[in-house]
Trainee: 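Encoded as structure tokens, here's the structure I'll be asking about.
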Amino acid sequence: MERKEHTDMLEKKASMEVEGSREAPEKINKVALLCAVVGSIISIIFGYDTGVMSGAMIFIKEDLKINDVQVEVLAGILNICALVGSLAAGRTSDYIGRRYTIVVASIIFLIGSVLMGYGPNYPVLMTGRCIAGLGVGFALMIAPVYSAEISSPGTRGRLTALPELCISLGILLGYVSNYVFGKLALTLGWRLMLGIAGVPSIVLAFGIVKMPESPRWLVMQGRLAEAKKILFLISNTKEEAEARFCDILVAAGLDENCKEDVIEVPKSNKGEGVWKELLLRPTPPVRRILIAAIGIHFFEHATGIEAVVLYGPRIFKKAGVISKDKLLLATVGVGVTKTLFILVATFLLDKAGRRRLLLTSTGGMIVALTGLGFCLTMVEHSKEELTWALSLSIVSVYVFVVFFSIGLGPITWVYSTEIFPLKLRAQGTSIGVAVNRLTNATISMSFLSIYKAITIGGTFFMFAGMAVLAWLFFFFCLPETKGRSLEEMEMVFSKSSDTNKSRNGIVCVWGC
């Protein structure tokens with residue numbers, strides 16, 4: 001009975017929040033914004049490592065005399081190691097907290113960057129890349145979780161999108177680094193490109209310990225007074241802080257009227273038995289949440305963004321751009337476009353909603369990928385230079401990046417982080433990130449081989465087909481979450497609440 005009353009209260013509050021969110025976005029709390037910004041610096045480092053490798057590979061191949069297979073392995077091994085790192089990060093963050101998990105990620109990144117910057121030969125370079133990959137896995141899992149847990153429902157979209165914005169900013173910085181350091185001596189240039197990533201890792205490791213811990217993690221540890229104190233810092237009003245604290249207590253299975261400063265929390269509330277609840281005996285809402293998280297992470301990379309980011313110079317070369325400087329400048333343009341439109345998406349997420357942006361984004365990607373596949377096929381099979389096809393190929397790449405950046409890119413991280421219940425959030429998110437990295441690795445390690453087998457145009461037609469499947473999955477399996485608190489997500493994914501969701505302006509058709 002008590003549970004039903006709380007659910008009714010959440011539904012009423014959610015309805016008010018959704019209605020309010022249509023009028024004006026909630027003001028972002030300055031402390032919460034600072035926390036999200038500092039926590040997201042780890043994503044800049046990851047983005048830089050991804051972006052810089054696209055150009056560095058040109059020089060590494062020439063300097064170390066490696067073949068295309070070794071290049072593919074070097075590009076993709078980071079994501080295989082990131083898969084391991086993300087799974088380890090979920091459990092780690094439940095034990096030592098969200099902040100110190102970011103510190104661990106920074107230290108791992110630092111070690112990997114130093115080794116890659118040293119890189120006297122291919123084995124040492126690979127070792128550094130593998131260690132950096134572990135840091136990537138930690139970073140991708142913890143940055144959006146930390147941002148989501150310190151933000152309020154009305155600002156969560158903007159703050160949780162910051163890690164993806166920072167990844168794009170990092171990619172852009174990596175492209176710029178390619179262009180700048182590429183003018184140096186061959187043996188020095190690519191090593192500086194890779195090694196310089198260690199500097200922000202040191203800054204972040206010291207900066208993050210000055211930030212507050214996630215109040216939701218503190219509640220899971222029974223440290224209620226600390227959690228409440230932090231909620232007052234990251235909320236705009238005392239009433240908001242009190243309401244958020246009450247919701248977190250209920251979600252953690254604790255008495256919402258508890259007045260103790262520190263309590264003993266059962267092991268089951270600290271993350272014990274999470275894998276059983278996620279994989280072996282999930283409730284129907286949790287099963288749908290897991291399917292949604294895995295699906296959105298899979299399709300983010302199965303639609304080809306990694307091929308464009310990592311192998312951009314090769315794609316532009318196929319499209320007719322020959323000069324090294326022009327190849328790198330064209331790739332810098334991709335980075336600028338990606339960053340700008342993710343910034344636009346950051347402001348739209350809490351206004352337009354996740355679902356609308358996601359479907360629009362994926363629809364645009366289908367058109368762009370089809371156009372790119374057609375143009376590259378025409379270029380490849382024509383004996384004459386087709387200026388229109390070359391130009392349209394480059395335009396299609398940019399259009400694809402625009403639509404990806406305005407929806408699927410940032411929403412993947414916002415959506416998959418916010419939908420898991422408190423107790424399952426860290427490890428549930430880690431499963432999504434693991435799928436993300438596995439898909440990413442598959443694309444980055446096989447792209448060259450695939451396009452040699454079915455042509456580069458055929459490869460982008462394949463990505464267009466995946467984008468069609470993605471659109472259908474998002475339409476049938478992803479309900480709107482805008483304006484909902486983290487503690488309400490099980491209700492959002494419950495079949496029995498379809499009527500309520502429809503009444504609150506949320507459309508969802510369960511077909512999965």
Side-chain angles (χ1 to χ4, degrees), residues 6 9-40 97-99 102 142-163 208-252 254-263 346-347 349-351 414 417-423 425-426 481-489 491-492:
H6 181 70
M9 179 187 73
L10 287 176
E11 289 179 2
K12 184 177 180 181
K13 185 180 75 171
S15 179
M16 294 170 64
E17 285 171 346
V18 171
E19 289 299 323
S21 67
R22 288 173 185 159
E23 296 170 8
E26 182 181 324
K27 182 181 177 182
I28 297 179
N29 177 275
K30 291 180 181 178
V31 178
L33 176 60
L34 182 61
C35 291
V37 169
V38 174
S40 298
R98 311 320 192 200
R99 281 187 313 161
I102 295 177
I142 196 59
V145 167
Y146 181 69
S147 297
E149 292 192 346
I150 55 90
S151 57
S152 64
T155 63
R156 191 175 60 246
R158 282 168 281 173
L159 295 188
T160 312
L162 281 178
I208 193 64
V209 295
K210 301 291 185 183
M211 296 294 105
E213 181 54 86
S214 159
R216 288 174 167 89
W217 180 80
L218 290 171
V219 168
M220 286 171 63
Q221 307 307 305
R223 294 154 61 178
L224 306 188
E226 289 179 64
K228 199 166 188 178
K229 183 179 178 182
I230 290 170
L231 279 167
F232 281 119
L233 284 175
I234 61 176
S235 299
N236 289 324
T237 64
K238 181 180 177 181
E239 291 74 19
E240 180 192 333
E242 293 280 1
R244 290 173 68 181
F245 184 64
C246 178
D247 286 348
I248 294 169
L249 287 178
V250 173
L254 304 174
D255 181 5
E256 60 185 293
N257 298 312
C258 181
K259 302 298 181 184
E260 301 292 327
D261 289 345
V262 180
I263 63 172
T346 301
F347 291 102
L349 272 166
D350 290 317
K351 293 181 180 179
V414 174
T417 302
E418 67 186 0
I419 58 179
F420 283 102
L422 175 60
K423 179 183 168 184
R425 185 167 302 129
T481 56
K482 181 187 75 167
R484 297 281 191 156
S485 74
L486 295 178
E487 286 67 43
E488 295 176 77
M489 292 302 168
M491 183 183 67
V492 173

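For reference, positions follow the sequence shown, starting with 1. Note that this is a predicted model, so its numbers are computed, not measured.
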Trainee: Atom CG in L218, atom CD in E149: separation rounded to 0.5 Å?
Mentor: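 Answer for the CG-CD pair, L218 versus E149, is 10.0 Å.
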Trainee: Would you check if the side chain of K238 reaches a backbone N or O of F232 as a donor-acceptor pair within less than 3.5 Å?
Mentor: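 The answer is no, because no donor-acceptor pair under 3.5 Å joins these two groups.
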Trainee: Between R425 and E418, does any NZ, NE, NH1 or NH2 come within less than 4.0 Å of an OD or OE carboxylate oxygen?
Mentor: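 Salt bridge flag = no for R425 with E418.
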Trainee: Nearest 0.5 Å, please: how far is SG in C246 from CG in L231?
Mentor: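 Answer for the CG-SG pair, L231 versus C246, is 11.5 Å.
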Trainee: What residue among E213, M211, K30 forms side-chain contact (heavy atoms from CB on, under 4.5 Å) with C35?
Mentor: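 That would be M211.
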Trainee: Could you walk me through whether K482 and K351 pass the side-chain contact (heavy atoms from CB on, under 4.5 Å) check?
Mentor: CA-CA 8 Å; K482 181 187 75 167; K351 293 181 180 179; over 6 Å; no
Trainee: Shortest non-hydrogen contact from F245 to A227?
Mentor: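 The answer is CE1-CB, 4.4 Å.
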Trainee: Quick one: does any side-chain atom of R98 pair with a main-chain N or O of V145 as donor and acceptor, under 3.5 Å?
Mentor: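 Not at all, since once roles are kept as given, no pair shorter than 3.5 Å links the two residues.
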Trainee: Please report the shortest heavy-atom distance between P215 and I234, naming the atom on each side.
Mentor: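 Smallest interatomic distance, heavy atoms only, reads CG-CD1, 3.9 Å.
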Trainee: Rounded at 0.5 Å granularity, tell me how far CD1 in I28 sits from CG in L34.
Mentor: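 The CG atom of L34 is 12.5 Å from CD1 of I28, to the nearest 0.5 Å.
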Trainee: Over all heavy atoms of both residues, which pair between S235 and A241 is shortest? Give the atoms and the distance, please.
Mentor: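 Reported closest heavy-atom pair: OG-CA, 3.6 Å.
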Trainee: Mind checking the OG-CD1 spacing from S40 to I102? Nearest 0.5 Å is all I need.
Mentor: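 Output value for this atom pair is 8.0 Å.
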Trainee: Roughly how far, to the nearest 0.5 Å, is the CD1 atom of I230 from the CH2 atom of W217?
Mentor: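 With rounding to 0.5 Å, CH2 (W217) is 10.0 Å from CD1 (I230).
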Trainee: Walk me through whether R244 and E240 qualify under salt bridge (Lys or Arg N to Asp or Glu O under 4.0 Å).
Mentor: CA-CA 6 Å; R244 290 173 68 181; E240 180 192 333; 3.4 Å; yes
Trainee: CD1 of I150 to CG of L33: how many Å apart, nearest 0.5 Å?
Mentor: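 With rounding to 0.5 Å, CD1 (I150) is 8.0 Å from CG (L33).
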Trainee: Heavy atoms only: give me the nearest I208-R99 pair and the separation to one decimal.
Mentor: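 I208 and R99 have their closest heavy atoms at O-CD, 3.6 Å.
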Trainee: I'd like to know whether M491 forms a side-chain contact (heavy atoms from CB on, under 4.5 Å) with R484, so could you lay out the CA-CA distance, the side-chain angles of the two residues, the decisive distance to 0.1 Å, and finally the verdict.
Mentor: CA-CA 10 Å; M491 183 183 67; R484 297 281 191 156; 2.8 Å; yes
Trainee: Among all residues two or more places apart in sequence or in another chain, which pass the side chain to side chain donor-acceptor pair (under 3.5 Å) test with R216?
Mentor: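 So R216 forms a side chain to side chain donor-acceptor pair (under 3.5 Å) with E487.
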Trainee: Report the C-alpha distance between L224 and D261 in whole Å, list the side-chain angles of each, state the deciding distance to 0.1 Å, and finish with yes or no for side-chain contact (heavy atoms from CB on, under 4.5 Å).
Mentor: CA-CA 5 Å; L224 306 188; D261 289 345; over 6 Å; no
